[in-house]
A.B. asks: 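If you scroll down you'll find the structure; I have some questions about it.
Computed over heavy atoms, backbone and side chain alike; hydrogens, waters and symmetry mates excluded.
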Amino acid sequence: MNLEKVVFGFFVLLAATLNFGFFLGDMTNPQVHNIVELYAAVVVNIIATILKFGDRTQVGAVHLATSLVADIQLIAAAVVWILITGGSGADVAGHQMASIVSLSGGALLANLVSVVLLVSETISFRRR
């Protein structure tokens, strides 16, 4: 078992599941979307991106691209949340939360592409 591949797969899947956890629920209901979960998704996605920098293959380049897209979308969602609340923790209106959740939805799509790449790469791997 290759520990590097285990860590890589762990962070790719954790990034997708954290993002999914934040995304799930009524888009306009701020009660079901936790800012801590959004920040955790941002941090784990950035870690997953850093882990993808060493791969020089074509699949590695697509992995990195999907990760960068997810990072940009999640960071944008966090920035929108901060701008809306002014950093004070004030309430977020339904239409504003819909914008934040929509951005995380784009990141979720990028994370899902990354997971599909990871699974297809794993299935196609042949022992030498």
A.B. asks: Where the side chain of N19 meets the backbone of A15, is there a donor-acceptor pair that is under 3.5 Å apart?
C.D. replies: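 Not a single qualifying donor-acceptor pair exists.
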A.B. asks: Work out which heavy atom in F22 is nearest to a heavy atom in S104; give both atom names and the distance.
C.D. replies: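 Between these two residues, the closest heavy atoms are CD2-OG, 3.5 Å.
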A.B. asks: Can you name the closest pair of heavy atoms from D71 and I46 and give their distance?
C.D. replies: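 In terms of heavy atoms, the two residues are closest at OD1-N, 3.5 Å.
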A.B. asks: Going hydrophobic residue to hydrophobic residue with side-chain gaps under 4.5 angstrom, can you get from V79 over to I100?
C.D. replies: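 Yes.
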A.B. asks: Cut-off 3.5 Å, side chains only: do K5 and T122 have a donor facing an acceptor?
C.D. replies: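 No donor-acceptor contact under 3.5 Å links the two side chains.
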A.B. asks: Does one hydrophobic cluster hold both I72 and L51, with members joined at side-chain heavy-atom distances below 4.5 Å?
C.D. replies: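 No, it is not one cluster - the side chains of I72 and L51 are not joined through contacts under 4.5 Å.
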A.B. asks: Using a 4.5 Å cut-off on heavy atoms from C-beta on, say whether the side chain of L103 contacts that of L74.
C.D. replies: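 No, too far: nothing below the 4.5 Å cut-off.
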A.B. asks: Is V7 reachable from V43 through a run of I, L, V, M, F, W or Y residues, each pair having side-chain heavy atoms under 4.5 Å apart?
C.D. replies: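 Yes, V43 and V7 fall within the same hydrophobic cluster.
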A.B. asks: Is there side-chain contact between Q96 and W81, with at least one heavy-atom pair below 4.5 Å?
C.D. replies: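 No - every pair of side-chain heavy atoms lies 4.5 Å or more apart.
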A.B. asks: Enter the distance from S114:OG to L109:CG here, rounded to the nearest 0.5 Å.
C.D. replies: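 S114 atom OG to L109 atom CG measures 11.5 Å (nearest 0.5 Å).
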A.B. asks: If you look at every heavy atom in G9 and L118, which pair is closest and at what distance?
C.D. replies: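 So the two residues come closest at CA-CD2, 3.8 Å.
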A.B. asks: Could you tell me whether the side chain of V101 reaches within less than 4.5 Å of the side chain of D26, counting heavy atoms only?
C.D. replies: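 A side-chain contact is absent here, since even the closest heavy-atom pair is not under 4.5 Å.
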A.B. asks: Which pair of non-hydrogen atoms, one from L18 and one from A40, has the smallest distance, and what is that distance?
C.D. replies: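 Minimum heavy-atom contact is CD1-O, 3.8 Å.
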A.B. asks: Under the side-chain hydrogen bond (donor to acceptor under 3.5 Å, both in side chains) rule, what pairs show up with a residue in residues 35-44, not counting sequence neighbours?
C.D. replies: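 Checked against side-chain hydrogen bond (donor to acceptor under 3.5 Å, both in side chains) - neighbours excluded - no pair reaches residues 35-44.
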A.B. asks: Just say parallel, tilted or perpendicular for the rings of F8 and H63, cut-offs at 30° and 60°.
C.D. replies: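 Correct class here is perpendicular.
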A.B. asks: Does any part of the side chain of H33, heavy atoms only, come nearer than 4.5 Å to the side chain of M97, both counted from C-beta?
C.D. replies: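 Yes, their side chains come closer than 4.5 Å.
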A.B. asks: Quick check: closest heavy atoms across G106 and Q73, and the distance to 0.1 Å?
C.D. replies: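 Where G106 meets Q73 most closely, the heavy atoms are CA-OE1, 2.7 Å.
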A.B. asks: Spell out, yes or no, whether L108 and I75 are grouped together once hydrophobic residues are joined by side-chain heavy atoms under 4.5 Å, including indirect joins.
C.D. replies: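 Shared cluster, yes.
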A.B. asks: Do I47 and L64 belong together in a cluster built from hydrophobic side chains that touch within less than 4.5 Å?
C.D. replies: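 In one cluster with I47: L64, no.
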A.B. asks: Would you say that N111 contacts T66 through its side chain, given a criterion of any heavy-atom pair below 4.5 Å between the two side chains?
C.D. replies: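 A side-chain contact under 4.5 Å is absent here.
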A.B. asks: Closest approach of A107 and A70, non-hydrogen atoms and distance?
C.D. replies: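 Closest approach of A107 to A70, heavy atoms only: CB-O, 3.6 Å.
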